[in-house]
Amino acid sequence: MLSSDPPKCHRSGFVGLVGRPNVGKSTLLNAFLRQSIAPVSPRPQTTRTRQLGILTMPDKQVIFVDTPGLHTPHHKLGEWMNARVEEVLRDSDVLLVIFDLSQPPQEDDKRVAMALEHLEEPPHILIALNKVDLLSAKEVPLRVNEFQSLLPNVERIPISATRGDQRQELLDKMMNLLPLGPRYFPEEDITDATERVIAADLIRAAALHLLRDEVPHSIAVHIDQFTERGDHGAHIVATLFVERESQKGIVIGKSGSMLKEIGTQARKEIEQMSGRKIFLELRVKLLKGWRNDIAALRRLGYDS
Ligand SMILES: Nc1nc2c(ncn2[C@@H]2O[C@H](COP(=O)(O)OP(=O)(O)OP(=O)(O)O)[C@@H](O)[C@H]2O)c(=O)[nH]1
Ligand SMILES: [Mg+2]
């Protein structure tokens, strides 16, 4: 046996991170992995597809599956995103349901709870009540109570993905629920997403941070070129597709100032993720009504 071979009592499995948009699923994934591989923003519907985050230890491998927030869809993209969540609900060994404790339960939280209640063969379920850092010690038990009627028989742990409260305890509990199984991925793998895909998501997350209302949600990012330049890092050319002509001007900004700002923020994030220097060139193009156009969705990679 090689020293890196896992022992016989090795545990492994898929842990689906599910919840309504903006509760902190991707933040928690990045925190567990201690690396930013999933896009995070203060706006809902940042994550658009499934993404694996792999945590390998000598005797365990946890494969987290980050998902889009389950929500009431208003276009075909939203329907496609919800369908990705449904797959994860069916295929996980453990489901970690995340609720946002800083706000009372919302309609979409109920939607999540209902989706879990309707599972024919429910896996192990745990609830993380996230963002406990935003409440005073007095408010916490009151708010925990408000969430009690959602999946009442499931164990719930108040946590903070950002400050770290009970994060390790939650991880330990999840790992104890994993079945015996092999190491599915090589120990050096941390995600199934390519640098190209992560870079596109980081550009979109920068737009979500800097733009308002529906505009950033109308953006899809396509990486046109990703060229290695040896000691000079990598050169990325990307197109931001918008849905309406009027959005082009907003994304570009006065004398190109907004696009420049998105580029600067995204470049820093991509450099941090990839550990090398990045030269980033952004363009903006119109792809009319793409969120409701199946052919356009396919073209943009929302197709599997
Ligand atoms: N204060 C506080 N903010 C948090 C915490 N966890 C996440 N956030 C913030 O909540 C916002 C949403 O976080 P995301 O990780 O993008 O949420 P998400 O559930 O992945 O959202 P979608 O991808 O849209 O479904 C971001 O601004 C995070 O910084 C937390 O524990 N405390
Ligand atoms: Mg997310």
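Computation of the quantities below employed the complete heavy-atom set of this structure, encompassing side-chain atoms and omitting hydrogens, waters and symmetry-equivalent molecules.
If you run side-chain contact (heavy atoms from CB on, under 4.5 Å) between L28 and each of N130, L33, L96, D66, only L96 comes through. Paired with M258 under the rule side-chain contact (heavy atoms from CB on, under 4.5 Å), one option of I252, I250, V251, L210 passes, and it is L210. Here the rule is side-chain contact (heavy atoms from CB on, under 4.5 Å) with L170, and of Q166, Q168, M174 only M174 fits it.
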Working for side-chain contact (heavy atoms from CB on, under 4.5 Å), residues D172 and E169: CA-CA 5 Å; D172 290 340; E169 288 80 352; 5.6 Å; no
Verdict with reasoning, V242 to W290, per side-chain contact (heavy atoms from CB on, under 4.5 Å): CA-CA 8 Å; V242 292; W290 67 264; 5.9 Å; no
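Proximity of a side-chain donor or acceptor of D108 to a complementary backbone N or O of R111 within less than 3.5 Å is not detected. Counting only distance, with no hydrogens or angles, the side chain of S136 and the backbone of E139 share a donor-acceptor pair below 3.5 Å. Within the 3.5 Å criterion, the main-chain N or O of Q61 finds no donor-acceptor partner in the side chain of R11. When atom types are taken as modelled, the side chain of N292 and the backbone of K76 share a donor-acceptor pair closer than 3.5 angstrom. For R143 (side chain) and L101 (main-chain N/O), a donor-acceptor pair under 3.5 Å exists by modelled atom type.
Under 4.0 Å is where a charged nitrogen must lie from a carboxylate oxygen, and between R90 and E87 no such pair does. A salt bridge is defined here as a Lys NZ or Arg NE, NH1 or NH2 lying under 4.0 Å from an Asp or Glu carboxylate O, and R283 with D224 meets this definition. By the 4.0 Å N-to-carboxylate-O rule, E271 lies too far from K268 to be salt-bridged with it. Contact check on R291 versus E243 returns a salt bridge, with a Lys/Arg side-chain nitrogen under 4.0 Å from an Asp/Glu carboxylate oxygen. A salt bridge is absent between E214 and R43; no separation between the charged side-chain nitrogens and carboxylate oxygens falls under 4.0 Å. Look at R84 and E79 and you find no salt bridge, because none of the NZ, NE, NH1 or NH2 atoms lies under 4.0 Å from a carboxylate O.
Closest of all the heavy-atom pairs between P44 and P21 is CB-CB, 3.5 Å. Scanning all heavy atoms of the two residues, the minimum distance from S102 to L134 falls at CB-CD1, 3.7 Å. Closest approach of I54 and D189 over heavy atoms only: CB-O, 3.6 Å. Counting all heavy atoms, side chain and backbone alike, L180 lies closest to C9 at CD2-O, 3.5 Å.
Connection of I219 to L300 is not established within any shared hydrophobic cluster, with ILVMFWY side chains joined at heavy-atom distances below 4.5 Å, either directly or through further cluster members.
Residue pairs meeting the ring-ring contact (aromatic ring centres under 6.0 Å, His included) criterion with at least one partner in residues 213-254, sequence neighbours excluded, are H235-F279. Applying the ring-ring contact (aromatic ring centres under 6.0 Å, His included) test to residues at least two apart or on different chains, the pairs with a partner in residues 146-187 are F14-Y184, F99-F147.
Between F64 and F32, the angle of the ring planes stays under 30°, which puts this pair in the parallel group of the 30/60° scheme.
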Solution key, residues 148-155 side-chain donor-acceptor pairs under 3.5 Å, sequence neighbours excluded:
from : atom 1 : to   : atom 2 : distance (Å)
Q148 : NE2    : P152 : O      : 3.4
E155 : OE2    : K173 : NZ     : 2.9

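Judged purely by distance below 3.5 Å, without hydrogens or angles, the side chains of E261 and T264 never pair a donor atom with an acceptor atom.
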